[in-house]
Amino acid sequence: MSTAPEPETRAPEASITPEPEAHTPEASIATGRAGHRGVLFAMCLALVLVVASVSALNLALPDLALDLSASNSSLTWIADAYTVALAALVLPLGAIGDRVGRRNVLIVGTFVFGAASLAASFADSTGMLIAWRVVMGVGAAMIMPGTLSTITAAFPPQQRTRGVAVWSGFAAAGAIIGMLAAGALLEQFSWRSIFVTSAAVALAAAIAAGLLAPNTRDEHPGPPDVPGAVTTALAIGTLVYAIIEGNEQGWGEPVVIGALVVTVVCFGAYAFFGLRTEHPLLDPALFGIPGFRAGAVTVLVQFMAVFGFFFVGLQYLQLVLGYSPLKAALALVPVAVVVLPTSQATPHLVRKAGMKVTMSTGLLLLAVGLFVISRLDVDSGYGPFLGGLIVSGVGIGLSGAVGTSAITGSLARGQQGVASAMNDTTREVGSAVGIALMGSIYGSHYRSSLPDSVDRLPHDAAENVRDSAAGGLHVAKQLGTQGKALADSVKSAFMDGLSASLVAVCCVVLAAAIGALLRAPKTPPTTD
């Protein structure tokens with residue numbers, strides 16, 4: 001894997017783009033049986049399946065807290081187990097797709113995903129549900145890399161930017177699509193229906209990919225980078241573990257310190273071996289390319305903020321505002337309404353204002369929108385929430401599209417598998433870290449903000465209150481008229497946790513916006 005995208009080093013994979021002189025089998029099926037639209041449909045369907053599964057279960061967190069007696073920590077792991085597995089394995093499984101065919105690996109991934117999702121619908125404990133969520137994440141890691149790399153490999157340069165913009169829009173809007181579907185299901189059925197439906201969609205995605213998408217691959221892949229795969233997977237997993245358990249057990253606990261040490265050592269080992277390996281899984285030297293580095297940071301921070309917000313924001317709508325699951329999902333639709341057109345307009349804005357301005361503006365708007373939401377209290381209602389949501393949506397549309405384009409545009413045509421893997425990795429690492437960070441900060445502030453009167457409740461009831469806000473409100477309801485004071489205290493403690501978690505992520509996004517303004521390239525990189 002070369003560190004500088006030069007024309008003479010590009011892999012023959014570029015021959016999949018139809019050209020008059022090309023008579024290879026790859027050229028004849030470059031866009032499958034339905035042209036570029038068919039490829040885009042198949043890949044976006046698979047993409048939405050993966051992204052929706054990150055967000056859809058957030059709507060069921062209150063039900064899971066009651067049905068499986070799940071604590072805030074357990075809820076965080078239920079939400080994040082899938083994302084951690086996806087983030088840790090997307091690079092090595094993407095490399096396998098480059099070797100044996102991206103569509104082939106994607107289709108196998110849909111079957112792994114679907115089978116695990118169906119099994120998860122029968123889970124009767126938090127441990128079993130977390131385990132099946134991990135397997136779903138493995139399937140998702142097989143699916144995700146092939147979606148973007150198939151689009152960038154099959155589309156000619158003049159259409160690639162539009163294809164990436166559509167992909168980026170669905171990557172953001174897919175979360176809302178998943179929540180709408182989950183909300184509708186939860187109106188009539190239990191949380192188990194979400195997993196059954198996901199299994200059915202996985203089957204549809206496998207059929208669409210098989211019929212509509214080409215099986216692109218790198219014709220001259222390097223040898224497997226086992227050290228790179230092991231060190232990156234361990235680093236991501238231990239980082240998320242440290243974040244969640246650090247807030248749960250305390251940052252001074254030996255197991256948390258040990259996890260942080262392993263994280264640092266593994267990231268260091270990845271850089272050490274990667275710079276000395278001829279064909280690294282992801283060349284650390286690529287981070288020396290300004291556009292690649294700026295795009296990676298932007299995508300990582302954006303997804304950290306978005307999926308961390310979904311984890312706590314949906315609980316606000318259901319537990320504090322009293323919305324049903326479907327109404328809570330509909331309350332977030334303005335994000336999708338804003339994100340999709342903004343993503344489509346981003347290439348034009350980049351041409352007019354430049355990449356640096358567009359990227360930093362998107363991140364700044366995202367930070368501003370989340371900060372507005374962090375100022376809400378129990379009585380604020382939906383209006384201020386909607387205002388912050390719309391501002392955040394514009395920021396998501398700008399930063400997501402320009403970040404992805406910066407990554408893919410920094411590398412040559414033959415390196416688009418690497419670009420796709422990096423884009424997927426930053427998205428999923430950002431999602432995993434965001435859920436862990438905001439979930440753990442929220443949980444610790446929620447517990448510390450509960451009044452001392454909780455200690456006077458019966459032991460089991462007090463534990464339910466401390467475990468989760470959903471459990472606390474359930475206990476308050478059982479107390480009848482005497483439970484109003486407890487319900488008010490639980491909601492107030494929830495808002496303290498929500499505010500603290502949002503302020504923390506706002507600081508990270510704001511720092512990234514300043515970094516983009518100072519260090520990102522003024523104009524987008526071009527390699528074709």
Participant: Can you name the closest pair of heavy atoms from Gly395 and Leu365 and give their distance?
Facilitator: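 Shortest heavy-atom contact: CA-CB, 3.9 Å.
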Participant: Start with the C-alpha gap between Phe170 and Val51, add the side-chain angles, then the distance that decides, and say whether side-chain contact (heavy atoms from CB on, under 4.5 Å) holds.
Facilitator: CA-CA 9 Å; Phe170 274 99; Val51 176; over 6 Å; no
Participant: Does either side chain, that of Ser399 or that of Thr298, offer a donor lying less than 3.5 Å from an acceptor on the other one?
Facilitator: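 There is no such pair (donor and acceptor under 3.5 Å, judged by atom type) between the side chains of Ser399 and Thr298.
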Participant: Does Thr76 reach the main-chain N or O of Asn72 with its side chain, forming a donor-acceptor pair under 3.5 Å?
Facilitator: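 Present.
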Participant: Closer than 3.5 angstrom, by distance alone: can the side chain of Thr404 be matched with the main-chain N or O of Ala401 as a donor-acceptor pair?
Facilitator: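 It does not hold such a pair.
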Participant: Take Phe307 and Phe310 through the test ring pair (Phe, Tyr, Trp, His ring centres under 6.0 Å) and record every step on the way to the result.
Facilitator: CA-CA 5 Å; Phe307 282 94; Phe310 284 156; 5.7 Å; yes
Participant: Got a donor-acceptor contact below 3.5 angstrom from the Tyr82 side chain to the Val50 backbone?
Facilitator: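 Yes, Tyr82 side chain to Val50 backbone: donor-acceptor pair under 3.5 Å.
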Participant: Mind checking the CD1-CG spacing from Ile96 to Leu91? Nearest 0.5 Å is all I need.
Facilitator: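 Spacing of CD1 (Ile96) from CG (Leu91) equals 11.5 Å.
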Participant: Check whether any side-chain heavy atom of Val333 lies under 4.5 Å from a side-chain heavy atom of Leu330, and answer yes or no.
Facilitator: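 Of all side-chain heavy-atom pairs linking Leu330 with Val333, at least one is under 4.5 Å.
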Participant: Given side chains that start at C-beta, do those of Phe195 and Trp132 come closer than 4.5 Å, heavy atoms only?
Facilitator: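 In short, these two side chains do not touch, never coming nearer than 4.5 Å.
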Participant: Write down the atom of Val138, the atom of Leu93, and the distance for their closest heavy-atom approach.
Facilitator: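 Taking every non-hydrogen atom into account, O-CD1, 3.7 Å.
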Participant: Rounded to the nearest 0.5 Å, how far does CG of Leu59 lie from CG of Leu314?
Facilitator: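 Result: 4.5 Å between the selected atoms.
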Participant: I would like to know whether Trp191 and Leu68 meet side-chain contact (heavy atoms from CB on, under 4.5 Å); could you show each step before the answer?
Facilitator: CA-CA 11 Å; Trp191 57 267; Leu68 299 180; 4.2 Å; yes
Participant: Counting heavy atoms not belonging to Phe111, are there more than 12 under 6.0 Å from its CZ?
Facilitator: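 Result for CZ/Phe111: open.
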Participant: Report yes or no: does Asn215 contribute a side-chain atom to a donor-acceptor pair with the main-chain N or O of Asn104 at less than 3.5 Å?
Facilitator: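 It does hold such a pair.
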Participant: Measure the OG-CD1 distance between Ser380 and Ile373 for me, rounded to the nearest 0.5 Å.
Facilitator: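 Rounded to the nearest 0.5 Å, the OG-CD1 separation comes out at 11.0 Å.
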Participant: Give the C-alpha distance, both sets of side-chain angles, the deciding distance and a yes or no for side-chain contact (heavy atoms from CB on, under 4.5 Å) between Arg466 and Ser71.
Facilitator: CA-CA 8 Å; Arg466 294 190 192 97; Ser71 66; over 6 Å; no
Participant: Can you tell if the side chain of Ser501 reaches within under 4.5 Å of the side chain of His445, non-hydrogen atoms only?
Facilitator: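 With C-beta onward as the side chain, the pair stays apart.
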Participant: Counting N and O atoms only, with roles assigned by atom type, does the side chain of Ser121 sit under 3.5 Å from a partner on the main chain of Leu118, one being a donor and the other an acceptor?
Facilitator: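 Flag set: sc Ser121 to bb Leu118 pair under 3.5 Å.
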Participant: Of Phe309, Phe494, Phe311, which meets ring-ring contact (aromatic ring centres under 6.0 Å, His included) against Tyr442?
Facilitator: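 When Phe309, Phe494, Phe311 are each tested with Tyr442, the ring-ring contact (aromatic ring centres under 6.0 Å, His included) holds only for Phe494.
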Participant: Are side-chain heavy atoms of Leu61 and Gln318 found at a separation under 4.5 Å?
Facilitator: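 Not touching, per the 4.5 Å side-chain cut-off.
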Participant: Check whether any side-chain heavy atom of Arg103 lies under 4.5 Å from a side-chain heavy atom of Ile107, and answer yes or no.
Facilitator: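 They are in side-chain contact.
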Participant: State, yes or no, whether a side-chain contact exists between Met438 and Leu502 at a heavy-atom distance under 4.5 Å.
Facilitator: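 They are in side-chain contact.
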Participant: How many angstroms lie between atom CG of Leu186 and atom CE of Met179, to the nearest 0.5 angstrom?
Facilitator: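 Going from the CG atom of Leu186 to the CE atom of Met179 covers 12.5 Å.
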Participant: Which pair of non-hydrogen atoms, one from Gly381 and one from Pro384, has the smallest distance, and what is that distance?
Facilitator: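 Nearest heavy atoms, Gly381 then Pro384: O-CD, 3.9 Å.
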Participant: Please confirm whether the backbone N or O of Leu86 pairs with a side-chain atom of Glu428, one donor and one acceptor, at under 3.5 Å?
Facilitator: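 Looks like no, no N/O pair under 3.5 Å.
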Participant: Testing the basics here: between Ala56 and Ala182, what is the closest heavy-atom pair and its distance to 0.1 Å?
Facilitator: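 Taking Ala56 first and Ala182 second, the nearest heavy atoms are O-CB, 3.6 Å.
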Participant: When you measure from the side chain of Thr197 to the backbone of Ile194, do you find a donor-acceptor pair of N or O atoms at a distance under 3.5 Å?
Facilitator: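 No, Thr197 side chain to Ile194 backbone: no donor-acceptor pair under 3.5 Å.
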Participant: Has Phe41 got more than 12 heavy atoms of other residues, nucleotides or ligands less than 6.0 Å from its CZ?
Facilitator: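 No, because the 6.0 Å sphere around CZ of Phe41 holds 12 heavy atoms or fewer from other groups.
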Participant: Just verifying a value: how many Å separate Asp467 CG and Ser69 OG, rounded to the nearest 0.5 Å?
Facilitator: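 Separation between the atoms: 8.5 Å.
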Participant: For side-chain contact (heavy atoms from CB on, under 4.5 Å), just list the numbers for Ser392 and Val335, CA-CA rounded to whole Å, side-chain angles, deciding distance to a tenth of an Å, and then say yes or no.
Facilitator: CA-CA 8 Å; Ser392 296; Val335 172; over 6 Å; no
Participant: Nearest heavy-atom pair of Val505 and Ala305: which atoms, and what distance?
Facilitator: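 Residues Val505 and Ala305, closest heavy atoms: CG2-CA, 3.7 Å.
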Participant: Short question: side chain of Ser117, backbone of Phe113 - any donor-acceptor pair under 3.5 Å?
Facilitator: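 Checked: no pair found.
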Participant: Check whether any side-chain heavy atom of Ile151 lies under 4.5 Å from a side-chain heavy atom of Val166, and answer yes or no.
Facilitator: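 Side chain of Ile151 against side chain of Val166, heavy atoms only: no contact under 4.5 Å found.
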Participant: Classify the angle between the aromatic ring planes of Phe385 and Tyr316 as parallel (below 30°), tilted (30 to 60°) or perpendicular (above 60°).
Facilitator: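 Judged by the thresholds at 30° and 60°, the geometry between Phe385 and Tyr316 is parallel.
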Participant: For residues Leu332 and Leu317, determine if any side-chain heavy atom of one lies less than 4.5 Å from a side-chain heavy atom of the other.
Facilitator: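 In short, these two side chains touch, coming nearer than 4.5 Å.
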Participant: Could you check whether any side-chain N or O of Arg133 sits under 3.5 Å from a backbone N or O of Ala81, counting only pairs where one atom can act as donor and the other as acceptor?
Facilitator: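 No; judged by distance alone, with no hydrogens or angles, the pair does not exist.
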Participant: Strictly distance-based, threshold 3.5 Å: is any side-chain N or O of Tyr382 a donor or acceptor partner for the main-chain N or O of Ala331?
Facilitator: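 Indeed, once roles are kept as given, a pair shorter than 3.5 Å links the two residues.
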Participant: Between Ala85 and Ala141, what is the shortest heavy-atom contact and its length?
Facilitator: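 What the structure gives for the nearest pair is O-CB, 4.4 Å.
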Participant: When rounded to the nearest 0.5 angstrom, what is the spacing between CD1 in Ile435 and CG in Asp80?
Facilitator: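 Nearest 0.5 Å value for the CD1-CG distance: 4.5 Å.
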